[in-house]
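Numbers here simply count residues along the sequence, with the first being 1. Bear in mind the structure is a predicted one, so any value in this text is a computation, not a measurement.
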Amino acid sequence: MGTYGINMTNAKYFGLTGRIIRKDGKLVLGYTNSSVEMLVQGTSISADLETGDNDPVNQPGLRIYVDGMPVKEIVLTESSQNISLASFDEGVHRVKIVKITEAAMSYVAIKMLYVDGMLLPVEKDTSRKKAQFIGDSISCGFGVLGEPEQDYSLRLEDGEKSYAAFLAEKCNWEAEWVSVSGYGMFVEYTGDRVNVLPNVYPYTNYFYDKEEREDYTRFVPDYIFINLGTNDGGHLNEKLIKEGFESAYENFLYTLRMAYDKAAIICVAGTLDSGVFKYVAEVVEKVRQKGFENVYAYELPYHDTLNDGVACGHPTEATHKKDADRIYEFMKREGLI
C-alpha cells in the first residue's frame, strides 16, 4: 500500500485545476469544478477527506472519474472521513476528483491518499486554451438537479451541468470558476454590499482563507466570462444602486484587464433577469470608448420555462446546454473561436 501525504515532495503526483489552496498538509478544493488528477498504477485508491462542520443542506459533493468516465459520486456527511474513491483492474489508470459544489457553502480538503500500488507523476496538457468563469448561482449550476420549487440544498447543485462546463467541454478548454451563489457585482440578492464578487475575487479561496491572495500568473485565461447582475437586478430600480452597479462593473473590468492584459472578456446576462443586460452593455460600450479592447457584451434570452422547465427556480440542464451553444455561436460570429 502506497501512502501519499500532501507536500512538495509529492506535488508531482497531483494535477490541479482551479483555485486550490495548499496549506497545512492539505489540498483544499473550494470553487466549483476544482479538481485533482492522479495517475494510479495499481488496483484501488482511497483518501482521507475533511470538510467543515456543515449543516446537512451544505454538505459538499464530489464526482470521481477513472480514465475519463464518471464512476462514483460522494457527499461528505462527516467532517472527516476515509473514503474509497475507486477500484479497478490492475494497470495504469487516470483518477480525477472533481468538487461539483461551490466554495461559499463548504470545502473539501484532501489530507492523505492510499494506493494499492503506486502513484506516477502527472503531466498536465498545457496545449489547451484556458477560460475563467466569474458568476453567481447560474455559473455554479445551482438547482440543476432539483424540482421546480424544491427547497434549498447544495446536493441539488452540479457545476458540471452548468452552461460554463458545457461550453468548456465543447471547446476543450481548461477552465476554472470563481462563482458564488447569491452574490452580485455591487449588491447580493438581499441588497447587502459586502457579499459581492469583486471582494472575493482577489483571494484564492476567500471562504477558506481570507489572507491568501491569488497569484494571477498561476492561471492565465484566454477567455474570461462575467455572468453577474442577476442578484443586483432586483435592486437596480434604486438610482444609487444602479450607479454603484455600473461603477463597480467598470472598475472590475479594469481589475481583470490589469491582471490579464490579453484575455478576451465576454460579459453575459439575461438567463434569470431580463432587465440588467442594458446596464452591462452600457458599461462595456463606455470602456470601449475609453480605449478598452477585446471586451464584449452578449445577452442570453430569459429561460424558456414552458419548454425547458425550472430547477429550484433556476435554469435546468436543458437551458444550460442551450446557453452554452448560444455563447459558442456568439463567439464564432465575433471571431473569438
Side-chain angles (χ1 to χ4, degrees), residues 129-139 162-164 167-168 171 173 175-180 183-188 193 196-202 216 220-303 315 322-337:
K129 288 187 178 296
K130 296 178 173 64
Q132 184 180 80
F133 294 94
I134 303 169
D136 50 37
S137 57
I138 301 172
S139 298
S162 67
Y163 77 92
L167 181 59
C171 297
W173 293 332
E176 72 171 27
W177 277 247
V178 189
S179 301
V180 188
Y183 278 38
M185 181 64 78
F186 183 62
V187 294
E188 69 166 356
R193 298 188 186 184
V196 293
L197 251 297
N199 286 349
V200 307
Y201 185 82
Y216 293 144
V220 181
D222 298 281
Y223 307 106
I224 299 173
F225 297 87
I226 306 174
N227 191 348
L228 288 170
T230 298
N231 292 304
D232 304 85
H235 306 278
L236 293 181
N237 59 330
E238 301 176 40
K239 183 174 183 291
L240 290 179
I241 291 184
K242 173 188 170 296
E243 292 174 352
F245 174 79
E246 292 177 334
S247 177
Y249 210 117
E250 181 178 356
N251 290 338
F252 192 53
L253 286 175
Y254 279 101
T255 295
L256 295 175
R257 178 55 76 227
M258 290 178 66
Y260 307 112
D261 60 336
K262 294 181 173 58
I265 302 176
I266 300 95
C267 306
V268 301
T271 303
L272 285 183
D273 189 302
S274 58
V276 73
F277 177 76
K278 60 186 177 182
Y279 303 116
V280 173
E282 287 175 5
V283 172
V284 169
E285 181 58 29
K286 181 179 179 181
V287 298
R288 282 176 172 170
Q289 292 297 324
K290 292 182 177 182
F292 198 114
E293 298 179 348
N294 213 15
V295 59
Y296 305 84
Y298 177 62
E299 184 173 20
L300 291 163
Y302 192 80
H303 65 152
K322 288 182 178 180
D323 281 353
D325 289 342
R326 289 166 178 140
I327 296 171
Y328 178 81
E329 292 300 324
F330 169 75
M331 295 180 73
K332 281 180 64 177
R333 291 195 298 271
E334 294 292 334
L336 295 172
I337 50 177

Can you measure from [atom1] ([X]) to [atom2] ([Y]) and round to the nearest 0.5 angstrom?
X: Glu293; Y: Lys262; atom1: CD; atom2: NZ; result: 12.0 Å
X: Asp136; Y: Leu272; atom1: CG; atom2: CG; result: 8.0 Å
X: Lys332; Y: Tyr328; atom1: NZ; atom2: OH; result: 4.5 Å
X: Leu167; Y: Ile337; atom1: CG; atom2: CD1; result: 7.0 Å
X: Phe277; Y: Thr271; atom1: CZ; atom2: OG1; result: 11.5 Å
X: Ser179; Y: Leu228; atom1: OG; atom2: CG; result: 7.5 Å

Counting only N and O atoms by type, is there a donor-acceptor contact under 3.5 Å from the side chain of [X] to the main-chain atoms of [Y]?
X: Arg257; Y: Tyr260; answer: yes
X: Asp222; Y: Lys130; answer: yes
X: Asn231; Y: Tyr183; answer: yes

Over all heavy atoms of both residues, which pair between [X] and [Y] is shortest? Give the atoms and the distance, please.
X: Arg288; Y: Ala297; result: NH2-N, 4.4 Å
X: Ala269; Y: Val276; result: CB-CG1, 3.8 Å
X: Val287; Y: Glu250; result: CG1-CG, 3.7 Å
X: Ile327; Y: Phe225; result: CG2-CE2, 3.8 Å
X: Pro198; Y: Pro202; result: O-CD, 3.4 Å
X: Gly234; Y: Asp273; result: N-OD2, 4.4 Å

May I ask you to say whether [X] pairs ionically with [Y], meaning some side-chain N is under 4.0 Å from a carboxylate O?
X: Asp325; Y: Lys322; result: no
X: Glu282; Y: Lys278; result: no
X: Glu329; Y: Arg333; result: no

Hey, does [Y] have a side-chain heavy atom less than 4.5 Å from the side chain of [X]?
X: Leu336; Y: Ile266; result: yes
X: Val283; Y: Cys267; result: no
X: Tyr298; Y: Glu334; result: no
X: Phe245; Y: Val187; result: no
X: Trp177; Y: Ser162; result: yes
X: Glu243; Y: Tyr279; result: no

For Asp232 and Ile241, run side-chain contact (heavy atoms from CB on, under 4.5 Å): C-alpha distance rounded to whole Å, both residues' side-chain angles, the deciding distance at 0.1 Å, then the answer.
CA-CA 8 Å; Asp232 304 85; Ile241 291 184; 5.8 Å; no
Step by step, would you call Ile226 with Met185 a side-chain contact (heavy atoms from CB on, under 4.5 Å)?
CA-CA 10 Å; Ile226 306 174; Met185 181 64 78; 4.1 Å; yes
Is the Phe133 ring parallel, tilted or perpendicular to the Trp173 ring (thresholds 30°, 60°)?
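Because their plane-to-plane angle lies in the 30° to 60° range, the rings of Phe133 and Trp173 count as tilted.
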Stepwise side-chain contact (heavy atoms from CB on, under 4.5 Å) test for Ile134 and Leu256
CA-CA 11 Å; Ile134 303 169; Leu256 295 175; 4.0 Å; yes
So Phe186 and Tyr249, ring-ring contact (aromatic ring centres under 6.0 Å, His included) or not? Walk me through it.
CA-CA 8 Å; Phe186 183 62; Tyr249 210 117; over 10 Å; no
Does Arg326 form a side-chain contact (heavy atoms from CB on, under 4.5 Å) with Phe330? I'd like the steps, not just the answer.
CA-CA 6 Å; Arg326 289 166 178 140; Phe330 169 75; over 6 Å; no
